[in-house]
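Quick notes on the structure that follows.
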Number of protein chains: 2
Amino acid sequence: MFRALADPTRRVMVERLCHGPASVSELARPFDMSLPAVVQHLQVLEGSGLVRTRKVGRVRTCAIDTGALSLAEKWINERRTSWERRLDRLGDFLAEAEPDQGV
Amino acid sequence: MFRALADPTRRVMVERLCHGPASVSELARPFDMSLPAVVQHLQVLEGSGLVRTRKVGRVRTCAIDTGALSLAEKWINERRTSWERRLDRLGDFLAEAEPDQGV
DNA sequence: GTTATACTTAATCATATGCTTAACCAAAAT
DNA sequence: ATTTTGGTTAAGCATATGATTAAGTATAAC
């Protein structure tokens, strides 16, 4: 998941897909890069669960699956709040240990 | 930033640091890995702004900087809400185009 | 002063990643 | 039926990444 977002090209692709679905060649347009390269990035995104694709006729349509996005968001949020809780406890401890130093 | 979180070892290191600061060798303990390897991961984390370190005497102490974490959280959140806004607009459009199909 | 500790630096190496070109396939358009 | 379009597969290549070992440095302990 994070590995998928680690590449700038893939992040731009995700940003693009957040504005709506797109075909492979639409996705490829902004990049100065061969189609197979774009498809490879797409496979990484799909493998990470960030993007779902469906082929109808000869055109493959891609859309983001925000489920994966919110999973990553959740992970980050958990770590952050874990750290902030720690800071709170530390604050309590300091307040208890040296109450005359409190604000 | 995402690149720093892309590696499982580094994610574990971040998780560890969310419970409080640690020295390099404390950080290294859970891993079956040489010290230099751990230090290299640490440099990536520091370069990404996720971790700040300070050397006092001969021991380097590491702590997370949640600023970078919330930056990543923000990026993800922006994409997600962008997508969700789109879904809303789409819903409005459908409701307007075919009002008799509404719930 | 000598030894042990806590890293650091440097060199090296295997594998993974991102990209390319060339050849191919199937649906659309002409 | 032929060509074009949109995408896929395969092979190869350069660089990046994650790891290792070996040697060095500086602080702390004895």
Side-chain angles (χ1 to χ4, degrees), chain A residues 1-17 19-65 68-69 72 75-76 79, chain B residues 1-17 19-65 68-69 72 75-76 79:
Chain A
M1 243 287 345
F2 284 116
R3 227 202 60 213
L5 289 178
D7 183 87
T9 302
R10 287 196 289 266
R11 279 197 302 273
V12 172
M13 288 169 75
V14 167
E15 289 182 15
R16 164 65 186 83
L17 288 178
H19 298 321
S23 73
V24 173
S25 28
E26 269 169 3
L27 261 187
R29 213 180 318 281
F31 302 107
D32 184 19
M33 187 187 294
S34 70
L35 205 51
V38 171
V39 172
Q40 282 170 34
H41 282 301
L42 207 49
Q43 282 165 355
V44 174
L45 286 171
E46 203 170 358
S48 77
L50 275 169
V51 168
R52 299 196 322 133
T53 78
R54 193 179 150 225
K55 189 161 190 175
V56 44
R58 67 181 165 178
V59 30
R60 176 174 301 278
T61 307
C62 317
I64 39 158
D65 182 347
L69 267 189
W75 188 91
I76 294 180
R79 306 306 142 214
Chain B
M1 244 283 350
F2 285 117
R3 226 201 62 213
L5 289 178
D7 184 89
T9 302
R10 286 195 290 265
R11 280 198 300 274
V12 171
M13 288 169 76
V14 166
E15 289 181 16
R16 165 64 187 80
L17 288 178
H19 297 322
S23 73
V24 172
S25 28
E26 269 169 4
L27 261 187
R29 212 180 320 281
F31 302 107
D32 183 19
M33 187 186 298
S34 70
L35 205 50
V38 170
V39 172
Q40 283 173 33
H41 281 302
L42 207 48
Q43 282 166 355
V44 174
L45 286 172
E46 203 171 358
S48 77
L50 276 168
V51 168
R52 298 195 325 132
T53 78
R54 193 179 151 222
K55 188 159 190 176
V56 42
R58 66 183 164 177
V59 30
R60 175 175 300 278
T61 307
C62 316
I64 37 158
D65 181 347
L69 266 189
W75 187 92
I76 295 180
R79 308 305 143 215

Here the residues of residues 1-14 of chain A within 4.0 Å heavy-atom distance, strictly under, of DNA chain D are none
In chain order, what residues pass the side-chain contact (heavy atoms from CB on, under 4.5 Å) check against B:V14, with sequence neighbours excluded? A:W75, B:L5, B:C18, B:L45, B:I64
Residues from residues 21-28 of chain A sitting under 4.0 Å of DNA chain D, heavy atoms only? A:S23, A:V24, A:S25
Does anything in residues 22-41 of chain A form a side chain to side chain donor-acceptor pair (under 3.5 Å)? List the pairs, not counting sequence neighbours. A:R10-A:H41
Supply the atom-to-atom distance A:L50 CG to A:M1 CE, rounded to the nearest 0.5 angstrom. 4.5 Å
Please name all residues satisfying salt bridge (Lys or Arg N to Asp or Glu O under 4.0 Å) with B:E46, sequence neighbours left out, ordered by chain then number. none
Which residues share a side-chain hydrogen bond (donor to acceptor under 3.5 Å, both in side chains) with B:R60, sequence neighbours left out: B:T53
Just to verify, what does A:V12 make a side-chain contact (heavy atoms from CB on, under 4.5 Å) with, not counting sequence neighbours? A:F31
Counting only non-hydrogen atoms, which of residues 34-54 of chain A are less than 4.0 Å from DNA chain D? A:L35, A:P36, A:V39
Roughly how far, to the nearest 0.5 Å, is the CG atom of A:L42 from the SG atom of A:C62? 4.5 Å
Counted 5' to 3', the first and last nucleotides of DNA chain C within 4.0 Å (strictly under) of a heavy-atom of chain B are C:dA4 to C:dT9
Under a criterion of less than 4.0 angstrom to any heavy atom of chain A, what are the 5'-terminal and 3'-terminal contacting nucleotides of DNA chain D? D:dT4 to D:dT9
